[in-house]
> 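Handing you a structure now.
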2 protein chains.
Amino acid sequence: MSTQQGFERRYQAPEREPIIEVDERLFLKSAARSFYVLEAFARSPRPLSLAEVAKGAKISKSAAQRVVQTLLVLGYLERSPTGTGVIPGRRILDRSFDYLRSNPLIERATPILTELRKTCGERVDLSLFDDVTILYAIRLQSKRETFYATLSGRRMPTFATAGGRAMLACLDDRHADDIVRRSKLAPLTPKTLVDPALIRQRVEEARRDGYAYVLEESLLGEIVVAAAVIKERNMPVGAIHIAGSLADWSAEDFRKRFAPLAIEAARALSG
Amino acid sequence: MSTQQGFERRYQAPEREPIIEVDERLFLKSAARSFYVLEAFARSPRPLSLAEVAKGAKISKSAAQRVVQTLLVLGYLERSPTGTGVIPGRRILDRSFDYLRSNPLIERATPILTELRKTCGERVDLSLFDDVTILYAIRLQSKRETFYATLSGRRMPTFATAGGRAMLACLDDRHADDIVRRSKLAPLTPKTLVDPALIRQRVEEARRDGYAYVLEESLLGEIVVAAAVIKERNMPVGAIHIAGSLADWSAEDFRKRFAPLAIEAARALSG
DNA sequence: GCATGTGTATCGGCGGTCGATACAACCGTT
DNA sequence: AACGGTTGTATCGACCGCCGATACACATGC
C-alpha cells in the first residue's frame, strides 16, 4: 500500500525518505512530455512559438511539433489570435471544472464561503494545502481586487500566508519546520517574515489562538486572517482566509472581528 | 466523443469543410490517452478505479495503469482519500491559472466585471464562445447561488443561454442556424425553447436590441441578460451576463435596468 | 471455501515515436 | 532583390518505449 511516491512523498513525515523512486517502467515519458509543454506557459504566459515550446519543455523541435499538433486537436492548446504561436486552450477549463466538481471539500465549502462573504463583505478564499505552497481553490472577491487576487489556481508560499501558517500550526513541529526549511524564503513584500525563528513563533501563536494572521506580508496594505480546515488526525487540508484592506480597518479591529468567523467556518468544514 | 475532428473547424464558416484533417502521422496517440483519462472524470465526477478509468478512457487496463501512475507522479491525478480509486489532481488548477493568465480578454475583463458586479449587485459572468457550447470563464456570484453557478469551466448550450444567443446574433444567419442545427436541443427547464424557429426569432431580436435575454430557460426563477464581446469582423469571442432572480425583479424591470450595463461593459471589452 | 473486486508487477515483441533534415512562407535589413 | 532571421510544415528510417496479456497479493462479501 505504501508504494507510490512522488506525490504522497510530500505528505510523509519529514524524516522519511521516499521509499522507492517512481517505477521507471510504468512512467510514460511520452505522455509526460505533453504536460511539460502545457507547463511551459507557467513560466511565460504569452503565445509561444514552436521553438519556444521546445525549449520550455526541454524537448526537441520535432517532439514539440507533434505534441503541439496533438494538443491543438484536443483543445488543450489554441493558436494564438496574433497568428503566430500557441496559447493554452479552453479545454483546460473543462478539466478544472471536473476537479472542482470532484472535490467534496469544494462543494461543501461553497455555500459556507458564500455566506461568510456576505456577512464579512471582505474577500474570502479557500486554499488547499500542498506542502511548501498553498493553492487557492475558491476566491470570492470584494469590491476592488488586483487581477491575481481573483484567480483560483494561484499558488503562494505556505510560510508567508495566513492560511499557510494556520495549516503549519496543525502539523507537528518537525514537519512544520521541514516545510519552512525547504521553502524558498524570498520576501514578497518588504514586510514578509523570512527568519525561520520568527515564522515558527507566528506558527506557535496560530496554534495557540486557533487562527493565523499576516500583515502586509504578501501584499502591502492587506491584512488576512485564516483558520485551517482539518481532516482526521489533525491533518490540514485547506484554510479559509478573510482578507481586508488596512485602508478600511485597523489590524486589531480586523482580527477581533473576523478571526472568529474564519474559525467557525473552518470548523464547519473540518472532520 | 467528438474531441477528435479538430478545433479549428468550429470556427470556420459553416459551408467550409475542415481544411486539413489532422495529420495522422503527427498525432500522438499515447499522449492523447492521458487526456482521455482525465476526461473520464467529466462523465463521472467521483473516484474511479483502475478498471473504471480503463473503461472510461477506452484503453486497456495495462495502459490505464501506466497512465494513472504517470499522472499521479505529475500531480494531475491524486489517490482518492477514501483509499480506493483516483480523482483529478490539484495540479490541474495550475494549468487553469495559466490559461486565465495567458488570456488577455480575461485580464481586461476582470476589473470591468468587478465594477459591474458592484453596481448591479447581481451575478455577473464572462462566458467564452465555443461553437455549440459556451464556457464560463469568470463568475462573480451574488449572495445566494447554486454550486454550479459558481464554477468557472462550466459549459452550457449556446442556444439556450443569454450569452449564447447574443453571440449567435453576431454571426450571419447561415452560421447561427448551423450551430443551432448541430446542437442537441434538449430542454434544460420546462421553459427552454427548443424550436429552431423560435430560437432564431430570439436571436434576431437580440441582433436588433444589441443584447439577449432568457427567462428561466436554463434555471427556473432566473432571468439573464447578456451582450456579446466581439473581435474584429463581428466575430463573437465571449459575452457578459447579468443574472438575477425573479423573486427580486420583474422581467421588464430587470431588462430595462441591466441590459444597458451589459451592453456598455461588452463594448468596453470589444475590438 | 469461492467469486469478484481492488492495485501491483512482469516481459517479449511490435510499432509508434524520435529527431535530423529539408522546405515554404513571411518578415525585417542591407 | 538577395539576405539572414524568423515562423510553421512535412518526411522517413531506425530504434526503443510502450502495448497488453497474464499473473499475483490483498481485500471484500456470501
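Residue numbers start from 1 in every chain, and the chains themselves are labelled A, B, ... in the order their sequence lines are given, proteins ahead of strands.
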> What I'd like to find out is whether the side chain of B:K58 reaches to under 4.5 Å of the side chain of B:R33, using heavy atoms alone.
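Sidechains of B:R33 and B:K58: no contact.
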> Return the polar atom pairs (N/O with N/O) between nucleotides 16-21 of chain C and the protein under 3.5 Å, or none.
from   : atom 1 : to    : atom 2 : distance (Å)
C:dT17 : OP1    : B:K29 : N      : 3.0
C:dT17 : OP1    : B:S30 : N      : 2.9
C:dT17 : OP1    : B:S30 : OG     : 3.2
C:dC18 : OP1    : A:R33 : NE     : 2.9
C:dC18 : OP1    : A:R33 : NH2    : 2.6
C:dC18 : OP2    : A:R66 : NE     : 3.1
C:dC18 : OP2    : A:R66 : NH2    : 3.2
C:dG19 : N7     : A:S62 : OG     : 3.3
C:dG19 : N7     : A:R66 : NH1    : 2.9
C:dG19 : N7     : A:R66 : NH2    : 3.3
C:dG19 : O6     : A:R66 : NH1    : 3.2
C:dA20 : N7     : A:S62 : OG     : 3.2
C:dA20 : N6     : A:S62 : OG     : 2.9

> Give the dot-bracket string for DNA chain D, reading 5' to 3', where a pair is Watson-Crick or G-U wobble with both distances under 3.5 Å, ( ) marks pairs inside the strand, [ ] marks pairs crossing earlier ones, | marks a partner on another strand, and . marks unpaired.
||.|||.|||||||||||||||||.|||||
> Taking only residues two or more places apart in sequence or in another chain, which ones pass side-chain hydrogen bond (donor to acceptor under 3.5 Å, both in side chains) with A:R108?
none
> A:L50 has an atom CG; how far is it from atom P of D:dA10, in whole Å?
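After rounding, the reported distance stands at 12 Å.
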> Figure out the NZ/P separation between A:K55 and D:dT6, and round it to whole Å.
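Those two atoms, NZ and P, are 11 Å apart.
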> If you compare every side-chain N and O of A:T84 against the phosphate oxygens of D:dT7 (OP1, OP2), does one of them come in below 4.0 Å?
no
> Over 60° means perpendicular and under 30° means parallel, so tell me whether B:F97 and A:Y148 are parallel, tilted or perpendicular.
tilted
> Just verifying a value: how many Å separate B:D98 CG and A:R154 CZ, rounded to the nearest 0.5 Å?
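Those atoms lie 12.5 Å apart.
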> Quick one: A:I87 CD1 to D:dG8 P, roughly how many Å, whole number?
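The answer, rounded to whole Å, is 13 Å.
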> At under 4.0 Å between heavy atoms, what does A:G83 touch on the DNA or RNA strands: base, sugar-phosphate, or nothing?
nothing
> For D:dT9 and A:Q69 - does any side-chain N or O of the residue sit under 4.0 Å from the phosphate oxygens OP1/OP2?
yes
> Should B:E78 and B:I87 be marked as a side-chain contact (heavy atoms from CB on, under 4.5 Å) after you check the CA-CA gap, both sets of side-chain angles, and the distance that decides it?
CA-CA 5 Å; B:E78 296 176 19; B:I87 56 177; 4.2 Å; yes
> Nearest-Å distance, CG (A:L26) to C1' (D:dC19)?
12 Å
> Quick one: pull up CZ in B:F35 and OH in B:Y76 and give me the separation to the nearest 0.5 Å.
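Interatomic distance, B:F35 CZ to B:Y76 OH, rounded to 0.5 Å: 8.0 Å.
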> B:T133 and B:T158: side-chain donor and acceptor closer than 3.5 Å?
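No, B:T158 and B:T133 have no side-chain donor paired with an acceptor closer than 3.5 Å.
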> Have B:T82 and B:S80 got a donor and an acceptor in their side chains that come within less than 3.5 Å?
yes
